[in-house]
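Encoded as structure tokens, the structure appears first; notes follow it.
Just follow the structure's listing: the first ligand is 1, and inside any ligand the first atom is 1.
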Amino acid sequence: MMLIMLHFPLRSSIVPSLRMAAGRWLSFVRRARLVTLGWFVPCFLLLVPAWPWAAEPSVVIKFSHVVAPDTPKGKAAQRFKEIAEKLSQGRIRVEVYPNSQLYRDRDELEALQLGLVQMLAPSLAKFDQLGLREFEVFDLPFVFPSRQALRRVTEGAVGQELLQHLESKGIKGLAYWDNGFKILSANRALRVPADMKGLRMRIQPSQVLAAQMRTLGALPQELAFSATTSALKTGLVDGTENPPSNFWTQGMCAYQANIVVSYHGYLGYAVIVNKKFWEDLPRDLRQILEHAMHEATQYANEIAQAENDADLQKIRSECKTKVVDLSDADRKLWMDALRPVQVQMANRVGNDLLVRVQREAAR
Ligand code: LMR
């Protein structure tokens, strides 16, 4: 009590009663010769609010995404949460909402801009919805021969410049997280590009992906990710494309008889945050979040390939779906068929950007 009186400016009306209570406490302690207890109790009362377990989080981050928890993105979001909460000793709470629990694709971007959620990791194909066509460069078929080639772009000057374009939309780009290269599925046998003719294929909202499907003679159908499995089930669409991790965790193989492991295009994410929220954070908490993001990004990009390989293996062994691997000759047929898309879409994504990406990817 004495300590409290020394440290806090109290209103005059309560000072006398606190003084009386402190006096009574001290005379009790003296009479009972409980010297240790006499110090311990007030110190304990003062320290309680400083214990981590007693602290209320001062920052709450709602991190919304559309895929399952057991995917590269789902696992990395969870890792980010764990690190941020541990390092901040409870001052930060990260609430992860997977599987479009809070918002579907398009809505989640609006929710971020309105500050209804603070963090997302949409696939790069989804940024056209904000008018940022240049992100569609990542959707071009056969533009990245490997993950290393992709990484040179995302981690180099091009990747950083693209993230800066988000700022005009009230969004800050923090990192790129991998998923992987896509497979194609349908209820018709798929081996060569001609097998795609006439198929209604679900795509993400990207004009480059629409052009890719049209070039193959298929009919692109834009649908939210959360609506895709039921659209395959009801026959609203005939097929789709996604990395194996999304295909497996959404249970798509129950409704798709055939897969071709084409790895024709890439699907990855930009982790983004509401810019104002980010800039208003206390500096120490922002540093903790930057550190947590750095660790989660390394983790995401380390596990993505293995997660997709494991999920493709599960599809092979646990689904009735027939999985076709491409010979070099068949793969060349797909590459030749899709080559015109880069030329058709160069203006849309930006000629200079495309040349820079191609140069980095080919290094
Ligand atoms: C899709 O819509 O197919 C993907 O963007 C889903 C995701 O976030 O991986």
Tell me whether the rings of Y263 and F181 are parallel (<30°), tilted (30 to 60°) or perpendicular (>60°). perpendicular
Take a 6.0 Å sphere around CG of D352 and say whether it holds more than 12 heavy atoms from other residues, nucleotides or ligands. no
Apply the test side-chain contact (heavy atoms from CB on, under 4.5 Å) to residues K75 and D70: give CA-CA distance (whole Å), side-chain angles for both, the deciding distance (0.1 Å), then the verdict. CA-CA 6 Å; K75 289 185 175 182; D70 198 14; 3.1 Å; yes
The test is side-chain hydrogen bond (donor to acceptor under 3.5 Å, both in side chains); show your working for S206 and D128 and say whether it passes. CA-CA 6 Å; S206 150; D128 176 41; over 6 Å; no
Provide the full list of ring pair (Phe, Tyr, Trp, His ring centres under 6.0 Å) pairs with a residue in residues 97-134, sequence neighbours left out, each pair given once. F127-F135
Check whether any side-chain N or O of R200 sits under 3.5 Å from a backbone N or O of L236 as a donor-acceptor pair, and report yes or no. yes
Residue shell for ligand 1, any heavy atom closer than 4.0 Å, reads V66, V67, K73, S123, K126, R202, Q204, F225, N242, N246, L267, Y269
